[in-house]
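Structure, as structure tokens:
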Amino acid sequence: MMLKRRVKRPKADAELDITSFMNLMIVLVPVLLMMMVFSRITVIELSLPGLQGESAAEVIQQENLEVLVGEEGIAVFFPEGYLIKTLPVKTQEDGAVVQDWEGLQLILRQLKQTLLAKGAEKKDITLLINDTVPYQQIVTLLETTRSYKDVVAASVVDAELFPEVGFAEVNADLSDLNAILSASQQGDDVRAGGAE
């Protein structure tokens, strides 16, 4: 019996076909680029209380500009503890209650110009925010106190107000914003009555 010997045939090299993968990439890359969100990241430097390492004498000598914000309205103090102006919340035509951000910015602009006229370059502000204030109002407050839109040489630019923002706890004597607003309103009524 004769054994048959098997002859191995040389195998042909397999070709790598990547056309379907390339077609997938051609479609996938533009779709992913269209879905990408281009966002601008803004960094706001905040000075938190207790982290600055200042002595008590330096803190007492430094005049603080404070803005107290609650659901009832806004109160501006300068120097610390002396009420400049109160801004109660406004009711819009649709019944929505909103803070008077334009009024706050106007007061801060006037205060900044007064300080600059006296040669004081004040850049810091302390925000006293009640726990009930929504997050979006805090963001709007930060934007309002840091800068304002101004026209310079026929173009609108962001002018600096108080860019160095700090946060502090609301003192017990300032926690009742309703009492501050009503006392301020009564003071305005007395002044208006005395002017007649």
Side-chain angles (χ1 to χ4, degrees), residues 37 39-54 56 59-60 62-115 120-150 156-189 191:
V37 177
S39 62
R40 188 185 92 199
I41 298 174
T42 304
V43 176
I44 299 175
E45 293 185 20
L46 302 174
S47 56
L48 299 175
L51 297 179
Q52 297 172 344
E54 296 178 345
V59 173
I60 292 171
Q62 184 180 8
E63 294 180 348
N64 289 329
L65 170 60
E66 296 179 335
V67 176
L68 174 63
V69 180
E71 289 181 338
E72 305 85 10
I74 303 171
V76 180
F77 300 91
F78 183 76
E80 182 179 350
Y82 293 97
L83 181 64
I84 293 178
K85 184 82 173 167
T86 57
L87 301 165
V89 291
K90 298 187 301 186
T91 305
Q92 294 181 333
E93 294 175 5
D94 61 355
V97 177
V98 294
Q99 298 283 2
D100 187 5
W101 301 119
E102 295 85 16
L104 174 63
Q105 201 163 59
L106 179 65
I107 292 168
L108 293 177
R109 286 174 63 179
Q110 291 171 347
L111 180 63
K112 181 78 169 186
Q113 290 176 356
T114 303
L115 292 173
E121 182 67 27
K122 185 154 187 66
K123 292 187 174 191
D124 62 315
I125 187 168
T126 303
L127 304 178
L128 308 169
I129 303 171
N130 285 345
D131 295 336
T132 58
V133 175
Y135 174 75
Q136 188 57 45
Q137 285 189 9
I138 295 172
V139 172
T140 306
L141 175 66
L142 285 170
E143 292 171 354
T144 303
T145 57
R146 293 181 66 234
S147 64
Y148 65 95
K149 300 287 184 197
D150 199 8
V156 178
V157 297
D158 283 332
E160 181 181 88
L161 270 175
F162 300 99
E164 297 175 10
V165 179
F167 291 98
E169 290 186 31
V170 179
N171 296 337
D173 56 336
L174 298 177
S175 62
D176 190 11
L177 189 56
N178 275 331
I180 294 171
L181 291 171
S182 63
S184 173
Q185 186 68 22
Q186 289 172 357
D188 290 343
D189 292 343
R191 278 179 263 169

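Along the sequence shown, the residues carry numbers beginning at 1. Values reported hereafter were calculated over all heavy atoms of this structure, with side chains retained and with hydrogens, waters and symmetry mates removed.
The CG atom of Leu141 sits 12.5 Å away from the OH atom of Tyr135 when rounded to the nearest 0.5 Å. Between atom CD of residue Glu169 and atom OG1 of residue Thr126 there is a gap of 13.0 Å, rounded to the nearest 0.5 Å. If you take CZ on Phe78 and CG on Leu115, they are separated by 5.0 Å, rounding to the nearest 0.5 Å. Separating the CZ atom in Phe77 from the CG atom in Leu68 is a distance of 5.5 Å, to the nearest 0.5 Å.
In terms of heavy atoms, Phe162 sits closest to Asp124 at CD2-O, 3.8 Å.
Using a 4.5 Å cut-off on side-chain heavy atoms (C-beta onward), Val76 and Leu65 make contact. Here the side chains of Leu161 and Thr145 are not in contact, with every heavy-atom distance at 4.5 Å or above. Looking at Ile125 and Val67, their side chains come closer than 4.5 Å, going by heavy atoms from C-beta outward.
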**Request:** Quick one: do Asn130 and Glu71 satisfy side-chain contact (heavy atoms from CB on, under 4.5 Å)? Show the steps, please.
**Result:** CA-CA 8 Å; Asn130 285 345; Glu71 289 181 338; over 6 Å; no
**Request:** Show your reasoning for whether side-chain contact (heavy atoms from CB on, under 4.5 Å) applies to Ile138 and Gln136.
**Result:** CA-CA 5 Å; Ile138 295 172; Gln136 188 57 45; over 6 Å; no
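Every residue two or more places apart in sequence or in another chain that forms a side chain to side chain contact (heavy atoms under 4.5 Å, CB included) with Glu160 is listed here: Lys112, Glu121, Lys123, Pro163. Partners of Glu143 under the salt bridge (charged side-chain N to carboxylate O under 4.0 Å, His left out) rule, at least two apart in sequence or in another chain, do not exist in this structure.
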I'd like a table of donor-acceptor pairs (distance under 3.5 Å, sequence neighbours excluded) in which one partner is a side-chain atom from residues 96-109, with atom names and distances.
{"from": "Gln99", "atom 1": "NE2", "to": "Gly70", "atom 2": "O", "distance (Å)": "2.6"}
{"from": "Asp100", "atom 1": "OD1", "to": "Gly103", "atom 2": "N", "distance (Å)": "3.0"}
{"from": "Glu102", "atom 1": "OE1", "to": "Lys90", "atom 2": "NZ", "distance (Å)": "3.4"}
{"from": "Gln105", "atom 1": "NE2", "to": "Thr144", "atom 2": "O", "distance (Å)": "3.2"}
{"from": "Gln105", "atom 1": "NE2", "to": "Ser147", "atom 2": "O", "distance (Å)": "2.9"}

